[in-house]
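Below is one structure, written out as C-alpha cells; comments come after it.
Keep in mind the model is a prediction, meaning the values are calculated, not measured. What's counted below: heavy atoms across the whole structure, side chains too, no hydrogens, waters or symmetry copies.
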Amino acid sequence: MFLAIKELMHSKLKFLMIIIIFVLIAWLVFILSGLGNGLSTLAASTFKNMKADYVIFEEGSQSSMSKSLLSGQRVTEAEKLPNVEAAAPMGSTMATAMKGKSSKNEDKVDIAIIGIIPGSFLEPNVVEGQPLSSDNPTGVVVNTTLKEEGFQLGDTFQLDGTTQSLTIIGFVQDETYNHVASVFTPMDQWRQVAFAAPGSDKGVAEPVNAIMLQGKNIDSAEMNNKLSGTDTVTRDEAVQGMPGYKEENGTILMMLAFLLAISAFVLGVFFYVITMQKTNPFGIMKAIGASNQFLSKAIVSQVFVLSLTSIIIGILLTYGTAAIMPKGMPFKLETSLVVTYSIILLVIAMLSSMVSVRKITKIDPLKALGRVE
C-alpha cells in the first residue's frame, strides 16, 4: 500500500484522468439503476406493496389483471384451501379523472382505480385523511402524486365518460399502477365503474380480476386443481405478468449489463497500459529483491484506492443529481442498489487489474535492465 500511495501522489495528473473516467462510469451506472428502479416502482408499486404472497387469476389470463375475470364468490372457496391464511378480492381498471366540471384535456388526469374490500389486508396505510369505508362507497383514497395535479382532501372528481363521481377522503404514498396514480375504492364501487357497460361482466357473479392470498408453501398446482378454471402464481410472477413490465425492466438491465462489460474492458486497458509504462522500474525492483507478490500487492492496492475513491464520488454525484431532478422523473435510488452496484464495480476493477498483475509476474529483470528507451 505504501508504494501504491507514493506513486499516486507522484503522478497525480495521470491517475486523476483514470479517476475521472471511472467516476463517469460509476455515475452512469447509478443513474441508470435509479431510473430502472423508478420505472419499476411506478409500474407496479401497488402490487409490490400489497401484503399478499400468491395471486389467483383466471386460467389462460397469462397472469394479467386486465385479462382475468373471476367470481368474487370464489374467495370463500380459496380461504378453505390448505396453507391459505387469508384471501381477498382485487380489481383494477384504468380511468381518467376530471378536475371540477371542466372537460378540457389539461384538466384530465389518468388514474388506475383499484377495487378492494375496506379493512382487508390489501388496504394501504393512509398518510392523510381517513381509510376506506363500506359506509361511504364513493369515498376513495388516492396516491399523494395527485396533489401535484391540484387534487386536495375532500375534492370530488368525475370519471371521464361516465356519470360516476368520487370523493377523496384520504391519501396514500408510493402507490402507483401502470405508471399512473392508484385510486383505491370499495369493491362495489369499482364494479360500477369497471362494468358500467351492459354485459361487460360476462354474467359473472360479483366479478373481480384476481384473488390475493396470504400463506406460506401454497402448492399452485393443487390450488389450480381444486379451483377449476384458475391459475395460481406468486406475487412476483404476477408483477412480471403486468403489461410491459418485463420488457421495460429487461431493457434497463441489458443497458446496465453492456455498460458494466464495457467498463471492465476500458478499465482493464487503462491499468494494463499503465503497467506497461512501468515495466522498466518494476524490472529494476525485481532485480534488487522485490518479489512478484510485493509488486502485485502494490498494483492491486493502487487499483483498490482508485476504484473506491471513484465509486464514492460517483455516489455523491448521483445523489446530487437526484436532488435536482424534476419531480415527474421516475428516479428511485435505494441503498441496497447503491451497495450492490458499488460492489459490482469494485469487483470489476479488481478483476481488470489481474491482467496487469499477470504482466508483472512475467517481467524479466535482466531484460528490463538492458532495455533501451
Side-chain angles (χ1 to χ4, degrees), residues 35-58 61-70 72 74-75 78 84-95 110-127 131-132 140-146 170-187 190 193-194 207-216 218 220 223 230-253 330 332 334 336-337:
L35 287 172
N37 189 46
L39 285 170
S40 173
T41 300
L42 196 62
S45 64
T46 292
F47 237 124
K48 291 180 177 180
N49 294 340
M50 285 182 171
K51 300 173 183 178
D53 302 302
Y54 292 83
V55 186
I56 299 176
F57 290 104
E58 180 185 4
S61 63
Q62 300 175 326
S63 303
S64 173
M65 293 284 286
S66 59
K67 300 176 184 177
S68 176
L69 188 63
L70 295 170
R74 311 203 75 173
V75 175
V84 175
E85 298 172 5
M90 175 182 170
S92 70
T93 188
M94 306 306 292
D110 290 326
I111 58 174
I113 301 181
I114 309 297
I116 59 174
I117 300 295
S120 70
F121 61 84
L122 298 181
E123 188 170 2
N125 295 324
V126 175
V127 296
L132 292 177
V140 296
V141 294
V142 306
N143 193 48
T144 51
T145 52
L146 286 183
F171 282 99
V172 291
Q173 203 163 14
D174 297 328
E175 295 287 348
T176 53
Y177 187 86
N178 278 346
H179 299 91
V180 297
S182 293
V183 173
F184 292 87
T185 181
M187 184 59 70
W190 171 80
V193 175
V208 300
N209 288 138
I211 300 172
M212 315 295 280
L213 304 176
Q214 283 186 330
K216 303 298 181 183
I218 293 177
S220 298
M223 293 287 289
T230 64
D231 186 16
T232 303
V233 300
T234 63
R235 187 184 59 175
D236 290 339
E237 289 174 329
V239 170
Q240 292 294 322
M242 294 184 65
Y245 182 88
K246 188 186 299 182
E247 293 78 9
E248 190 176 83
N249 280 273
T251 301
I252 297 293
L253 288 175
K332 187 176 182 180
E334 297 177 347
S336 59
L337 279 178

May I ask you to test the Ile56-Leu70 pair for a side-chain heavy-atom distance under 4.5 Å?
yes
Working note: Glu85 + Asp53, criterion side chain to side chain contact (heavy atoms under 4.5 Å, CB included); need CA distance, chi angles, decisive distance, verdict.
CA-CA 10 Å; Glu85 298 172 5; Asp53 302 302; 5.7 Å; no
Non-hydrogen atoms of Gly36 and Ile252 that approach each other most closely
CA-CG2, 3.7 Å
Value for OG1 (Thr93) from CG (Asn178), rounded to nearest 0.5 Å, stands at 10.5 Å
CD of Gln173 to CG of Asn125: how many Å apart, nearest 0.5 Å?
11.0 Å
Here the pair of heavy atoms bringing Arg235 nearest to Phe47 is CD-O, 3.4 Å
Expected output: side-chain Asn49 to main-chain Pro124 donor-acceptor under 3.5 Å
no
Hey, does the side chain of Ser45 reach the backbone of Thr176 with a donor-acceptor pair shorter than 3.5 angstrom?
yes
Who passes side chain to side chain contact (heavy atoms under 4.5 Å, CB included) against Gln62, sequence neighbours left out?
Lys67
Test item: Gln240 and Val233 side chains (from C-beta on) under 4.5 Å apart, heavy atoms:
no
Hey, does the side chain of Asn143 reach the backbone of Glu175 with a donor-acceptor pair shorter than 3.5 angstrom?
yes
4.5 Å side-chain heavy-atom contact, Leu122 and Ile114
no
Atom of Asn249, atom of Ser40 and distance for their closest heavy-atom approach:
OD1-CB, 3.5 Å
Is Glu123 reaching over with its side chain to a backbone N or O of Pro131, donor-acceptor style, under 3.5 angstrom?
no
Derivation of the side chain to side chain contact (heavy atoms under 4.5 Å, CB included) call for Ile111 and Val142:
CA-CA 9 Å; Ile111 58 174; Val142 306; over 6 Å; no
Could you tell me whether the side chain of Thr230 reaches within less than 4.5 Å of the side chain of Ile211, counting heavy atoms only?
no
Going from CZ on Phe171 to OG1 on Thr144, what distance comes out if it is rounded to the nearest 0.5 angstrom?
8.0 Å
Rounded to the nearest 0.5 Å, what separates atom NZ in Lys48 from atom OH in Tyr177?
13.0 Å
At what distance, to the nearest 0.5 angstrom, does CG of Asn209 lie from OG of Ser64?
8.5 Å
Quick check: do Val55 and Met90 have side-chain heavy atoms less than 4.5 Å from each other?
no
When Phe184 is tested against each of Val140, Leu132, Val126 for side-chain contact (heavy atoms from CB on, under 4.5 Å), which residue passes?
Leu132
Considering all heavy atoms, the nearest Met212-Phe121 contact:
O-CZ, 3.5 Å
Main chain of Leu69, side chain of Ser61: is a donor-acceptor contact present, judged purely on distance under 3.5 Å?
no
Answer whether the closest heavy-atom distance between the side chains of Met94 and Asp110 falls below 4.5 Å.
no
How about Asp231 and Ser68: do any of their side-chain heavy atoms sit closer than 4.5 Å?
no
Determine the minimum heavy-atom distance between Gly91 and Met187, stating which atoms define it.
N-CE, 3.9 Å
For Ser182 and Thr46, the nearest pair of non-hydrogen atoms, with its separation, is OG-OG1, 2.7 Å
Please name all residues satisfying salt bridge (charged side-chain N to carboxylate O under 4.0 Å, His left out) with Glu334, sequence neighbours left out, ordered by chain then number.
Lys332
Looking at Thr251 and Glu247, would you say the former's side chain and the latter's main chain have a donor-acceptor pair under 3.5 Å?
yes
